[in-house]
2 protein chains.
Amino acid sequence: MKLKEFAKQLGLSPTTVSRALSGYPEVSEVTRARVVQEAVRLGYRPNVNAVRLKTGRVGAIGVVMGRAGEFHFAEFMAGMAERLITEDTDILVIPMADPEYDAEMQLYRRLAESQRVDAIIVHSPRPNDQRIALLHELGMPFLVHGRSDIDVPHPWLDIDNEGAVRRATSHLIALGHTRIAMINGRQGATYALHRDIGYRSALQSHGIEVDPQLIANGNFTDEIGFRFARSFLEQPKRPTAFVAGSMMTALGIYRAARSLGLQIGSDVSVIAHDDVFPYLTADNMVPSLSATRSSMRAAGTRCADLVLQLLAGRSPTEIHELWPVELILRESTGPVRELQT
Amino acid sequence: MKLKEFAKQLGLSPTTVSRALSGYPEVSEVTRARVVQEAVRLGYRPNVNAVRLKTGRVGAIGVVMGRAGEFHFAEFMAGMAERLITEDTDILVIPMADPEYDAEMQLYRRLAESQRVDAIIVHSPRPNDQRIALLHELGMPFLVHGRSDIDVPHPWLDIDNEGAVRRATSHLIALGHTRIAMINGRQGATYALHRDIGYRSALQSHGIEVDPQLIANGNFTDEIGFRFARSFLEQPKRPTAFVAGSMMTALGIYRAARSLGLQIGSDVSVIAHDDVFPYLTADNMVPSLSATRSSMRAAGTRCADLVLQLLAGRSPTEIHELWPVELILRESTGPVRELQT
DNA sequence: AGGTAAATTGAAATCGGTTTGAGAAAATAT
DNA sequence: ATATTTTCTCAAACCGATTTCAATTTACCT
């Protein structure tokens with residue numbers, strides 16, 4: 001059923017029908033009601049691609065998916081979906097080829113110029129992130145999930161990684177820990193940097209020297225958690241506490257500690273960051289995991305919301321949202337208890 | 001840069017340019033080469049939405065994301081992405097509102113009629129899945145990831161869930177286990193049914209009676225694994241082995257066993273299904289987890305491939321791919337050792 | 001050279017809508 | 001009753017490509 005045909009059936013012109021359906025004020029309420037009702041009855045729906053071509057609006061938000069296929073991603077998207085379900089807006093997932101710099105920039109450029117999306121969400125930004133500069137320059141609406149130090153105004157939503165880790169670390173210090181290891185995310189992303197800063201600032205403000213031997217970076221996997229935790233714990237001056245970047249990392253740390261006969265919560269304390277997953281909860285781990293918590297899903301929902309606002313005309317420069325992070329103490333943290341090696 | 005403008009710069013008609021770029025044979029190689037080269041130099045790219053409108057082809061595959069935001073999903077999509085990266089095809093993620101039947105059918109109908117995607121991938125089909133009937137009826141190309149018993153021809157890719165679980169269960173029986181619990185996925189999906197069949201057939205062919213008290217269904221979460229495992233293990237005649245639907249479920253079972261002081265691999269054997277995640281590997285668990293393994297990512301890649309073939313004209317009725325599942329034995333399985341309660 | 005076949009090229013129609021600018025009808029003001 | 005404003009409707013232009021059909025050029029034969 002095409003517009004022309006449909007209009008003819010109603011005895012109206014295509015113009016009037018189009019206006020009636022798009023809510024323009026020039027059409028009387030009586031007519032509009034009739035048009036809407038008949039559209040439902042006869043099953044008329046405007047051809048999306050014709051509308052897209054004509055209006056330039058696509059009704060889609062682009063999200064670039066890193067090669068790694070992180071488990072966070074699904075949660076974030078589920079969150080976005082929650083918000084977009086009522087809207088007439090799709091989520092377009094753009095796969096990223098290889099992590100080479102040029103290819104990445106190329107991808108974003110092409111995406112921005114391709115008219116396939118109305119806006120883009122940029123993930124895991126780096127301190128000096130050229131993607132942001134590029135999108136800004138191209139005039140493509142975008143929202144950064146995370147932050148960047150780059151000298152280009154950009155709307156962002158981020159969680160207070162620095163504060164979260166500072167509090168986590170400070171709490172461990174308050175429990176008497178001085179050798180606190182940090183298993184952070186991959187180097188390069190701003191969030192990893194912020195967490196690093198939070199960690200260092202907590203140590204320094206308590207006069208504890210930072211030991212580079214106790215800092216590691218890597219993907220958020222069980223494997224990474226295990227490997228680093230194990231190697232740290234085998235050092236002569238082993239750490240008595242860990243700050244970890246993710247639940248998976250924490251699983252690895254638990255495993256490493258167990259494998260060495262160490263008790264989590266007494267011999268070794270652990271605080272990890274929990275993005276809140278439906279399938280793996282910090283409270284259920286044994287012992288239950290103390291965590292800095294912030295829902296990835298909620299972030300997705302809010303990001304979708306902000307993007308919609310952006311597209312509705314809200315100024316990008318005024319969108320800066322920093323979410324506080326809860327610190328939830330459970331059984332995996334306890335007072336220090338020094339052990340002889 | 002528009003086609004008209006670009007063509008003028010080249011001193012050619014839009015027709016010729018369009019043909020050159022789309023690889024039509026009517027244009028000489030010399031001209032084509034020049035056009036392609038200049039297109040790159042001047043940065044001309046056809047407007048996607050004009051092409052979509054004109055050709056009716058969208059260049060997008062739709063995937064409906066369930067509300068649950070399962071962790072499998074990201075892996076599957078990453079796999080799809082791997083295949084589609086070279087193609088000019090997007091992945092459109094369609095959020096599913098609430099799992100009410102009507103809403104779901106409505107969603108698929110609208111999606112199919114909306115011209116936003118060229119094909120749809122249907123997940124977690126049910127034995128009698130009306131979505132399949134609908135899509136078939138509407139003539140929308142689709143591929144089922146999983147299978148359905150519905151009396152409508154449909155192209156599918158599935159893993160041999162029945163065989164996998166049968167082998168897993170048989171292996172446990174061979175080790176002497178007779179009280180084998182099954183923590184399956186949510187009831188309703190075909191894969192859960194197939195696993196159930198595999199489980200029962202293994203027991204029956206060894207003359208072991210099926211005990212409904214040892215069968216549970218639920219989401220693939222640590223929580224579900226723990227709760228059911230715990231309650232099973234607290235029964236007077238506790239099971240000595242578990243067959244589990246996912247790695248997360250296995251984590252829960254491990255936890256439950258530990259909490260009761262039982263040793264995995266000796267007191268209790270566990271085999272779970274492993275979809276192969278980069279962030280959590282069966283081999284790394286302690287003790288390492290025996291698993292039926294099949295890569296979700298590979299399935300995504302292949303599904304994308306099959307959809308492309310479908311769109312290229314391959315007959316849907318001839319696409320039926322059943323993947324065998326590896327059974328990988330590790331430390332979590334061992335000979336039965338009956339304990340007194 | 002002249003005629004035919006083959007290889008190129010282009011003008012114009014088309015995809016299915018939105019929106020501008022203008023006209024007709026109805027309502028209000030003078 | 002006429003002029004003016006307001007409300008509603010429409011014809012036609014346009015978005016930016018693809019593709020049909022016809023025309024032109026080049027290549028090949030005799």
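Ion pairing of A:Glu38 with A:Arg32 is absent here, as no side-chain N (NZ or NE/NH1/NH2) approaches a carboxylate O to less than 4.0 Å.
Among the protein residues, A:Arg32 comes within range of no part of the nucleic acid, since none of its heavy atoms lies under 4.0 Å from any strand.
Ring centroid separation for the pair A:His154 and A:Phe142 does not come in under the 6.0 Å cut-off.
At a threshold of 4.5 Å between non-hydrogen side-chain atoms, the residues B:Tyr191 and B:Ile159 do not count as touching.
Every residue two or more places apart in sequence or in another chain was checked for a ring pair (Phe, Tyr, Trp, His ring centres under 6.0 Å) with A:His136, and none qualifies. Partners of B:Arg147 under the salt bridge (Lys or Arg N to Asp or Glu O under 4.0 Å) rule, at least two apart in sequence or in another chain, are B:Asp158.
Counting only distance, with no hydrogens or angles, the side chain of A:Arg297 and the backbone of A:Phe277 share no donor-acceptor pair below 3.5 Å.
Between B:Leu10 atom CG and C:dG10 atom P there is a gap of 11 Å when expressed in whole angstrom units. Regarding A:Asn47, its CG atom lies at a distance of 8 Å from the C1' atom of C:dC15, rounded to whole Å. Remark: C1' of C:dG17 and CE of A:Met1 are 15 Å apart, rounded to the nearest angstrom.
A:Pro127 and A:Thr190 get closest at one heavy-atom pair: N-OG1, 3.2 Å.
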Every protein N/O lying under 3.5 Å from an N/O of nucleotides 18-21 of chain C:
| residue | atom | partner | partner atom | Å |
| --- | --- | --- | --- | --- |
| C:dT18 | OP2 | A:Ser18 | OG | 2.5 |
| C:dT19 | OP2 | A:Tyr24 | OH | 2.5 |
| C:dT19 | O4 | A:Thr15 | OG1 | 3.2 |
| C:dT20 | O4 | A:Arg19 | NH2 | 3.4 |
| C:dG21 | O6 | A:Arg19 | NH2 | 3.1 |

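Under the 3.5 Å distance criterion, with hydrogens and angles disregarded, no donor-acceptor pair is assigned to the side chains of B:Ser18 and B:Thr15.
Overall bending of the helix from C:dA1-D:dT30 to C:dT30-D:dA1, expressed as the angle between end axes built from five pairs apiece, is 40° (10° steps).
Heavy-atom nearest nucleotides on DNA chain C were determined for B:Ser13 and for A:Leu53, and the one closer to the 5' end corresponds to B:Ser13.
A distance of 4.5 Å separates CG of A:Asp129 from CD1 of A:Ile132, quoted to the nearest 0.5 Å.
Ring-plane geometry between A:Phe6 and A:Tyr44 is classed as parallel, the angle between the planes falling under 30 degrees on a 0 to 90 degree scale with a further cut at 60.
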Atom pairs and distances, donor-acceptor, side-chain atoms in residues 52-61 of chain A, under 3.5 Å, two or more places apart:
| residue | atom | partner | partner atom | Å |
| --- | --- | --- | --- | --- |
| A:Arg52 | NE | A:Val58 | O | 3.0 |
| A:Arg52 | NH1 | A:Asn49 | OD1 | 3.3 |
| A:Arg52 | NH2 | A:Val58 | O | 3.4 |
| A:Thr55 | OG1 | A:Val51 | O | 2.7 |
| A:Thr55 | OG1 | A:Arg57 | N | 3.1 |

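Put simply, chain A comes within 4.0 Å of DNA chain D, heavy atom to any atom, from D:dC8 to D:dG16, going 5' to 3'.
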